[in-house]
Amino acid sequence: MPEAPAIPATHAPRPRRSRRALAPWLFLAPGLAMFLIYVIIPIFQSMWVSFYDWDGLSDATWVGMANYVELMDDEAFYVSLKNNVIWLVLYMLAVPAGLMIALFLNQTVRGIRIYKSLFFFPFVISQVVVGLIFSWFYAPDFGLLYKLIEGLTGQSVAILADERLVTYGIIAAGLWPQIAYCMILYLTGLNAVAPDQIEAARLDGAKGWKMLWYVVLPQLRPATFIAIVVTVIGALRSFDLVSIMTSGGPFGSSRVLSYYMYEQALSEYGYRMGYGAAIAVVLFGIMMIFISGFIWKMWRDEKGVR
Amino acid sequence: MKLSTTVAIAALMATVSLPAFAQQRTLVLNTDASDPAPKAAFDQLVADFEAANPDIDVVVNVFDHEGYKTAIRNFLTADSPDLANWYAGNRMAPFVNSNQFTDVSDVWEENGLKESLAPALSSMTIDGKQWGVPYTYYQWGIYYNKDVYAKAGVDAGAIKTWDEFVAACDKFKEAGVDCLTTGSKALWPIAGIFDYLDLRTNGYDFHMQLTNGEVAWTDDRVKAVFAEWAKVLPYTTQNHAAIDWQDAVANLVQGKAANYVMGNFAVAAFKDGGMTNDNLGFMPFPEITPGLARAEEAPTDTIHIPAGAKNVEDAKTFLAFLASADVQTKMNDTLGQLPINTGASVGEDPFLQQGFELLSTADGGIAQFFDRDAPAEMAKAGMEGFQEFMVKPDRVDAILERLEKTRARVYK
């Protein structure tokens, strides 16, 4: 129906239409306001602070790119960056490991729910507790792993005091709950796998790896996607375990970017807000690479459905 | 129900500190005295002060000891109390330089504190003014296990020089014991070792210049300190980087280690572990460069008046009260530490007696502690460097280069 020319009598439908256009925004407004105040504005504030030299008490002085220039020449920054990469790569092991356990647990045996909950248990307990448990596990003189290595080789190693091993030691602790998380994602995904397709594949003679690769995994794609997303984000914000287990030590060799940022900006010996903010901006940039990738994929998938 | 409302109103009144209640003036004190002994000492102090000044009501806000270090930055700028705990030396410099503390030189002048609190005068002075009142300090030194000394056949009383100490370490090694134990997970315990090595090798003035950023870390005199340190590294507990200072206390208590460079607060931990005055010993850090004036390490705790204080008048009365000999005697009896006031008396405890003797005869000077004498950033980088050196002594040159780079940036 073509639009009539603007005659006073026909202006009645217009408010209704604009009301219809306005209504979603009204409902979105509280959420958008929150998002703006707590996410968008702070992002730009961090970027702004990163151009200043500020201890949080005195007046801030504008230093331009000086914080970033210093970052480029900071050994501790490169150590943190390297550790972040190690975290990202090794944390990915949680995805296949979670899948294996999920496949293993996806059967109908008496009491399977109990086993499932037991496997899920590490994800339920706090990261702080996980960190403490693993610290004791590695602890020199009384730690279980320490004693085990000592018993086998006669010479033991304090993993959290060794600059070459410490990051791997912390990642191992982080993998424990992360595998459980991926497992639960895959377990729910496996519930949605169509039994008739399995049946049909079986009639066609597929089994073992081929069944897994060509029939089950494609149906698990949504679960895989979410598992990778949470694992990448989990690896990049790996702060709590580092803080609990080593405080970045020995001599800063287990720092990651998020911990280094905290140390520079907020810890007892820090209060270099500008420098901390500069680290935060770099970390944000790295996260943005992954986040835009994920958003692009989701957007493409959604368009594909329509 | 009624009770909780009253409590709520009381809490409200405490935070707002209404000027309308003029007859009963309030004084708000923020403190980090969350551990049992400091808490008891502060309760006693406040009760005594209120008894002496019935028209003043002191409201105490106790913060967790570690959390306080962050909290103070918030409450100084946002909702300032009338009095706040902090530390002497460079540790108070950020607050003094950003005008967060009030100059209390008049309190020092009027009460003759420059004489009575003489040991802490230099560490309380910035730009020729005093910025707070110190009430307690404690000595650092070497605590040792007498049983281990007896077992290894070493006479503790005969160790006067660093060479004799290193020679003794050899004997401990033969006996299968770590000569020196420490836990560097939290970094600060090893700063005590560095401070003493530097104080004994180069003296107080050099140490102050170094922590003030006036000397390069690549200076030969600094390298000499690390050379002395390298001598005892083979005899130091191997996994120190993985353990906390309390774990190292266990090493000494169980006889796995002979010596521990620590502050006097560790005595309580040694005794909790089962040691007594009979088998726990204390000795001053041995001499390295002969003839050097003996300097000691004694971190000082202080109370300041924030710039935003509402009741400055009464806060100054409180500081004068805190500085008096009787008050410091009583308070430090409870704290188990040493009073600053030269007229105060020291408790019966043998370690306190030795500490008092040690500090009052230190002709070289009293250092605060590495992380209080050096600015925070330098302290952090320095302590990390010390830890790396203890694990990888061959990297000493690279470490010192890095510290020099930090120095160039920190002291602008």
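Below, chains carry the letters A, B, ... as their sequence lines are ordered, and counting in each starts from 1.
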Exercise. Is Asp162(A) salt-bridged to Arg164(A), going by a charged N under 4.0 Å from an acidic O?
Worked result: yes
Problem set entry | Residues Arg255(A), Glu384(B): salt bridge by 4.0 Å N-O rule | yes
For this session: Go through the atoms of Glu263(A) and report whether side chain, backbone, both or neither lie under 4.5 Å from a heavy atom of chain B.
Result: side chain
Seminar exercise, completed: Under 4.5 Å to a heavy atom of chain B? For Tyr275(A) that would be neither
For this session: For chain A, find its close neighbours in residues 390-402 of chain B: heavy-atom separation under 4.5 Å, sorted by number, or none.
Result: Val391(B), Lys392(B), Arg395(B), Arg402(B)
Problem set entry | Close approach to chain B in residues 76-96 of chain A, criterion heavy atom under 4.5 Å | none
For this session: Give a yes or no on whether the ring-centroid distance for Tyr52(A) and Trp62(A) is below 6.0 angstrom.
Result: yes
Exercise. With ring centroids as reference points, do Phe386(B) and Phe370(B) lie under 6.0 angstrom apart?
Worked result: yes
Problem set entry | Heavy-atom proximity to chain A below 4.5 Å, by part of Glu377(B) | both
Problem set entry | Set of residues satisfying side chain to side chain contact (heavy atoms under 4.5 Å, CB included) with respect to Ala139(A), sequence neighbours excluded | Phe142(A)
For this session: Sequence neighbours left out, what passes ring-ring contact (aromatic ring centres under 6.0 Å, His included) with Tyr235(B)? Give chain and number order.
Result: none
Exercise. Just checking, any donor-acceptor pair under 3.5 angstrom between side chains of Ser184(B) and His240(B)?
Worked result: yes
Problem set entry | Student check: side-chain heavy atoms of Arg91(B) and Gln368(B) closer than 4.5 Å | no
